[in-house]
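Just below is one structure, and these are the notes that go with it.
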Amino acid sequence: MLKLTKTQTFLTANHERFRLLPLSQLAAIADTQETSLKSQTHTQKPLESHPSLHIDPKYFVSVLLNCKNIFQIKQAHAQIVANGLLTNLFVSNKLLYIYVQHKAIDKAHAFFGAMREKDPVSWSVMVGGFAKDGDFVNCFRTFKELTRCGVQPDNYTLPFVLRVCRDRMDLLMGSLVHGVVLKSGLCWDHFVCAALVDMYAKCRVIDDARKLFDDMHKKDLVTWTVMIDGYAECGNANESLVLFDWMREEGIVPDKITMVTVVNACSKLGAMHKARFVHDYICSMKFSLNVILGTAMIDMYAKCGSVDFAREIFDGMREKNVISWSVMIAAYGYHGQGKKALDLFPMMLNCGIMPNKITFVSLLYACSHAGLVDEGFELFNIMWDKYGVKPDVKHCTCMVDLLGRAGRLDEALKLIENMTVEKDEGLWSAFLAACRIHKHVELAEWAAKSLLELQPQNPGHYVLLSNIYANAGMWEDMAKVRNLMTKRNLKKIPGWTWIEVDNKIHQFSVGDKSHPLSKEIYGLLKSLIEKLELAGYVPDTNFVLHDVVEEVKVGMLYTHSEKLAITFGLIATPEGTPIRITKNLRVCGDCHTFIKFVSAITKRSIIVRDSNRFHHFIEGACSCGDYW
């Protein structure tokens with residue numbers, strides 16, 4: 001038997017004693033894939049040529065799987081070369097896979113390019129490697145090369161490519177890959193179909209996702225979760241919860257990841273009854289509130305109108321991270337409790353949690369909605385100097401909003417002009433909204449011009465500018481903006497309000513008479529308005545942005561969707577219980593006044609969630625302090 005020197009000892013059966021050639025030779029072998037070694041002291045034949053040194057390829061695969069770092073992989077690579085096993089496709093594919101798993105994507109790509117023979121596994125590993133590395137360009141390029149070479153993509157490769165399409169929200173590429181799926185005969189493969197559902201759902205083509213979902217012969221928990229999340233992200237949270245019920249009826253038991261998606265759907269829906277049901281279900285399943293699920297539940301209760309329940313969840317969590325603290329701070333913020341939001345900040349620091357960008361956005365937002373201008377300035381100034389968090393456009397937007405709401409438009413304008421970060425539509429929208437509040441037409445026109453350059457197809461920007469003109473009585477200018485919307489085929493987003501009663505969502509639009517109890521609703525609303533007017537309520541027709549006579553304006557005000565939903569709530573819910581409504585747009589000033597009077601006369605607390613924040617009306621006062 002050939003006797004080896006100590007520096008050339010071959011692999012032994014013990015993986016822990018993986019003794020190899022000198023490192024200088026190993027590096028050279030791994031990089032050049034030479035098939036022979038030259039000893040620094042003497043020359044000998046390649047080790048693999050000696051029949052007594054033949055080792056089963058599976059052994060090298062086992063060694064590769066035990067590699068802990070790139071250094072060990074290169075050592076194993078060298079021995080594979082030295083033993084002439086690169087021609088063994090099983091070994092080569094495993095080596096390629098190990099490079100990818102250790103994120104050595106450049107070495108993997110170089111090795112892949114040098115492979116004389118490739119099979120579908122080789123291509124799949126390389127496509128998946130680029131996808132995991134976030135190199136979408138090379139992922140698509142390799143996939144296209146695969147198809148050009150006539151290689152049949154499998155149920156490993158296709159899901160990876162579809163996930164890239166999903167992450168990039170590249171619907172065109174996703175549709176092309178769907179075509180490849182059909183040609184490959186894999187349209188009924190469970191993994192491929194689930195990836196297609198995921199891709200279409202994330203690209204917001206929810207109908208196509210649902211069709212694929214319904215046609216699947218077998219739906220696993222992951223697929224159900226993807227579909228539930230897809231509906232929530234596309235604005236149909238109610239359907240998400242319907243699917244959740246269906247899933248449980250099918251005998252599929254959710255895990256924590258599924259419950260996080262369900263909780264997020266409840267957050268978007270804003271229905272307290274649904275939130276309580278989901279919370280009870282989580283308790284019945286004995287799911288522990290880890291950071292992710294607990295934080296999602298804080299957000300859910302806050303967005304369903306109960307910051308107190310949110311705080312109970314927060315206090316009950318054994319472990320909290322910076323996101324948990326930031327979400328709780330934000331919850332107080334959009335409920336108008338700015339002081340409580342700020343009180344959490346030193347508590348967080350005392351727990352050893354350092355703030356990040358999200359934390360400061362939450363804090364500045366809370367200051368903005370509570371009129372805490374000085375506190376907001378102090379936080380904005382220390383976030384970089386004291387905590388090393390560089391202000392970005394979101395922080396600047398909060399400051400513009402803070403100054404704008406406080407009527408300090410000149411300071412907000414100066415901040416915008418001195419910004420070093422790129423301005424986005426959120427910042428200009430905040431400034432335009434401030435101009436509307438304080439009726440500054442000239443600055444509004446300047447802000448609207450910048451905003452329309454960024455988002456010419458967003459109808460909300462045109463509507464806001466036209467409303468500013470209407471408030472100023474500039475009807476001709478308002479008409480020009482409306483005509484421009486018509487020319488660009490843009491339509492105003494309709495306002496609607498929904499209310500949950502007996503586990504059912506009731507939706508109302510302005511002047512709505514489609515509800516089964518419409519007659520009773522309008523009858524009670526008429527008598528309610530008479531009582532409110534005796535108590536001092538005066539309709540504010542400035543919020544009717546149409547050039548019509550005063551009497552018509554009053555009639556239009558009385559049928560706003562908020563008023564209809566609250567009146568229905570008075571009919572359909574027991575006396576003394578809270579009424580919770582959600583509005584998709586900002587609640588108008590007249591409805592805000594109307595609700596204050598209703599809460600005083602009926603002795604009901606009314607919680608309103610609009611597009612900006614929450615309003616809690618109790619005994620004639622609102623939590624926002626009329627500052628919103």
Side-chain angles (χ1 to χ4, degrees), residues 332-339 341-342 360-381 383 391 393-419 423-451 460-461 463-474 477-478 538 540-545 585-593 595-596 608 610-616 621-628:
Y332 279 125
Y334 48 72
H335 279 272
Q337 300 182 32
K339 290 290 187 182
L342 296 184
F360 280 105
V361 168
S362 300
L363 288 165
L364 292 172
Y365 179 92
C367 291
S368 173
H369 284 264
L372 305 174
V373 179
D374 293 338
E375 292 85 344
F377 260 116
E378 182 182 355
L379 287 165
F380 189 71
N381 290 330
M383 59 183 290
V393 68
K394 290 183 179 179
H395 303 105
C396 293
T397 298
C398 288
M399 288 303 297
V400 168
D401 190 48
L402 174 67
L403 293 168
R405 288 174 186 274
R408 295 159 67 165
L409 293 177
D410 291 339
E411 292 177 66
L413 179 61
K414 185 177 180 181
L415 177 64
I416 293 173
E417 291 174 340
N418 293 334
M419 280 175 58
K423 304 171 185 65
D424 66 3
E425 61 277 2
L427 182 133
W428 289 115
S429 294
F431 189 66
L432 183 60
C435 294
R436 178 193 59 79
I437 293 171
H438 300 287
K439 300 179 181 180
H440 200 304
V441 177
E442 185 179 348
L443 286 179
E445 290 175 328
W446 176 69
K449 181 181 178 181
S450 300
L451 194 54
H461 305 328
V463 171
L464 188 53
L465 179 60
S466 70
N467 289 349
I468 291 170
Y469 284 138
N471 270 324
M474 300 169 65
D477 293 289
M478 186 201 80
V538 178
D540 189 347
T541 56
N542 288 321
F543 291 97
V544 179
L545 305 175
L585 304 176
R586 183 181 183 271
V587 65
C588 85
D590 178 72
C591 285
H592 191 269
T593 303
I595 300 170
K596 285 198 294 183
V608 179
D610 70 7
S611 60
N612 289 335
R613 60 175 297 157
F614 277 87
H615 300 264
H616 295 256
C622 180
S623 59
C624 72
D626 297 336
Y627 186 89
W628 92 104

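Side chains are part of it too, since the values below use all heavy atoms of this structure and drop only hydrogens, waters and symmetry mates.
Residues L402 and F380 are not in side-chain contact: their nearest non-hydrogen atoms beyond the backbone lie 4.5 Å or more apart. Here the side chains of T397 and V400 are not in contact, with every heavy-atom distance at 4.5 Å or above. Looking only at side-chain heavy atoms (C-beta outward), K339 and L372 come within less than 4.5 Å of each other. At a threshold of 4.5 Å between non-hydrogen side-chain atoms, the residues Y365 and R613 count as touching. Annotation: side chain of F614 is not in contact with side chain of Q337 (no heavy-atom distance under 4.5 Å). At a threshold of 4.5 Å between non-hydrogen side-chain atoms, the residues H395 and V361 count as touching.
Taking CG from L465 and SG from C435, the interatomic distance works out to 10.0 Å, rounded to the nearest 0.5 Å. Atom CD1 of I437 and atom CG of D401 lie 7.5 Å apart (nearest 0.5 Å). How far OG of S368 is from OH of Y334: 15.0 Å, rounded to the nearest 0.5 Å. Rounding to the nearest 0.5 angstrom, the gap separating the CG atom in L443 from the CD1 atom in I468 is 10.0 Å. Between M383 atom CE and L364 atom CG the span is 6.5 Å, to the nearest 0.5 Å. Taking CG from L379 and CG from D374, the interatomic distance works out to 11.0 Å, rounded to the nearest 0.5 Å.
Shown here is K423, whose NZ atom has more than 12 heavy atoms of other residues, nucleotides or ligands within 6.0 Å. Other residues, nucleotides and ligands place no more than 12 heavy atoms under 6.0 Å from the CD atom of E442.
Residues L409 and A434 approach most closely at CD2-CB, 3.7 Å, considering heavy atoms. Considering all non-hydrogen atoms of both residues, H615 and V587 come closest at NE2-CG1, 3.8 Å. The shortest non-hydrogen separation linking M478 to A470 is SD-CB, 3.7 Å. Nearest heavy atoms, L432 versus A444: CD1-O, 3.3 Å. In terms of heavy atoms, H592 sits closest to C624 at NE2-SG, 3.3 Å. Closest of all the heavy-atom pairs between H461 and S429 is CE1-OG, 3.6 Å.
The side-chain hydrogen bond (donor to acceptor under 3.5 Å, both in side chains) test applied to H335 returns H616, not counting sequence neighbours.
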Decide side-chain contact (heavy atoms from CB on, under 4.5 Å) for M419 and M399; before the verdict, give the C-alpha distance in whole Å, the side-chain angles of both, and the deciding distance to 0.1 Å. CA-CA 11 Å; M419 280 175 58; M399 288 303 297; over 6 Å; no

Please evaluate residues Y332 and L342 with respect to the criterion side-chain contact (heavy atoms from CB on, under 4.5 Å), reporting the C-alpha separation (whole Å), side-chain torsions for both, the decisive distance (0.1 Å), and the verdict. CA-CA 9 Å; Y332 279 125; L342 296 184; over 6 Å; no

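The closest donor-acceptor contact from the side chain of D410 to the backbone of L413 lies at 3.5 Å or more, if one exists at all.
Residue F431 forms a side chain to side chain contact (heavy atoms under 4.5 Å, CB included) with just one option from L451, L403, I416, and that option is I416.
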